[in-house]
Q: 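Below you'll find the structure I mean.
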Amino acid sequence: TSQIMDRWSFVGDTVGHDVDMEGLTCGPDQCSSYLYIGDEYNYIYQMDLATEEVLVQWDLNDIVGTSVRQDKGIESLTYASTTGLFYAGIQDTAEIHVIRLSSDIDEEVIEDTATLLSECASTTEYPACSAPTKNLSEQRVRREIRSLSEAEWDNVVNAMWIMKDLSMESGHVLYGESFRTYDYFVVKH
């Protein structure tokens with residue numbers, strides 16, 4: 001059985017501007033005190049888990065660039081303890097930015113510096129990206145839901161009902177080992 005162990009409030013009032021939370025990651029302290037939040041408007045926030053306060057916000061708009069459309073910025077965020085660096089995936093450009101975050105925390109929420117180290121290129125400081133390449137014609141494309149035709153939408157809804165109604169075991173028998181239940185994706189997201 002799933003159980004909520006804790007929850008925190010994180011809204012625009014918390015930081016004084018719109019927030020579209022897209023990525024969560026632990027940092028150097030492995031979430032013992034802080035959680036890092038990636039915002040699609042290209043901010044990263046450090047939130048104190050005990051007080052629910054944002055201690056630091058980093059504005060990555062200068063790093064990401066002005067060509068990124070509003071609400072198409074940071075889509076994913078992770079921290080690598082092996083490098084001590086953050087990796088931010090940008091939706092609009094499909095680029096991964098390798099970032100060092102730095103700050104001096106005082107009494108107020110501060111906007112501090114984020115240093116772009118690379119757009120996922122190899123240096124002596126951290127390893128090269130090793131993601132496998134794939135022919136673009138074979139890749140699935142994420143599409144805006146409102147752009148689907150009625151028939152495409154019906155297919156999506158029917159597929160979701162199948163995923164919701166079948167167990168993982170039954171789905172594997174009918175559709176192969178790649179099948180996942182609807183609840184699996186809810187937990188993953």
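Treat the numbers as computed from the prediction; the structure is a model and nothing was measured.
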Q: With a 4.5 Å heavy-atom cut-off, do W153 and I145 have their side chains touching?
A: yes
Q: Hey, is the main chain of K72 close enough, under 3.5 Å, to the side chain of D92 for a donor-acceptor pair?
A: no
Q: Supply the atom-to-atom distance Y43 OH to E22 CD, rounded to the nearest 0.5 angstrom.
A: 15.5 Å
Q: Quick one: are Y79 and P28 in side-chain contact, heavy atoms under 4.5 Å?
A: yes
Q: Of all heavy-atom pairs between A80 and Y87, which one has the smallest distance, and what is that distance?
A: CB-CE1, 3.6 Å
Q: Determine the minimum heavy-atom distance between L35 and T25, stating which atoms define it.
A: CD1-O, 3.5 Å
Q: Looking at side-chain heavy atoms only, is the closest gap between E53 and Q46 below 4.5 Å?
A: no
Q: Can you tell me how far OG of S167 sits from CG of L174, rounded to the nearest 0.5 angstrom?
A: 9.0 Å
Q: To the nearest 0.5 Å, what is the distance between CD1 on I90 and CD on E40?
A: 9.5 Å
Q: Are F185 and M160 in one and the same hydrophobic cluster, where Ile, Leu, Val, Met, Phe, Trp and Tyr link if side-chain heavy atoms are under 4.5 Å apart?
A: no
Q: Within the 4.5 Å heavy-atom criterion, are H97 and I63 side-chain neighbours or not?
A: yes
Q: Kindly give the heavy-atom pair with the smallest separation between A88 and I99, and that separation in Å.
A: CB-CD1, 3.9 Å
Q: Do V157 and F179 share a hydrophobic cluster, counting only Ile, Leu, Val, Met, Phe, Trp and Tyr and linking them when any side-chain heavy atoms are less than 4.5 Å apart?
A: no
Q: Would you compute the distance between atom CG of L24 and atom OH of Y36 and round it to the nearest 0.5 angstrom?
A: 13.0 Å
Q: If we only count heavy atoms from C-beta on, is the Y175 to I162 side-chain gap below 4.5 Å?
A: yes
Q: Considering only heavy atoms from C-beta outward, does the side chain of Y34 approach that of D48 to under 4.5 Å?
A: yes
Q: Given the rule that I, L, V, M, F, W and Y join up when any side-chain heavy atoms are under 4.5 Å apart, are Y184 and L166 in one cluster?
A: yes
Q: Say you draw a straight line from CG of D183 to CE of M168; how long is it, rounded to the nearest 0.5 Å?
A: 9.5 Å
Q: Are the side chains of Y45 and D39 in touch, meaning some heavy atoms are under 4.5 Å apart?
A: yes
Q: What I'd like to find out is whether the side chain of M163 reaches to under 4.5 Å of the side chain of R180, using heavy atoms alone.
A: no
Q: Measuring from atom CD1 of I37 to atom CD1 of I74, what distance do you get when rounded to the nearest 0.5 angstrom?
A: 11.5 Å
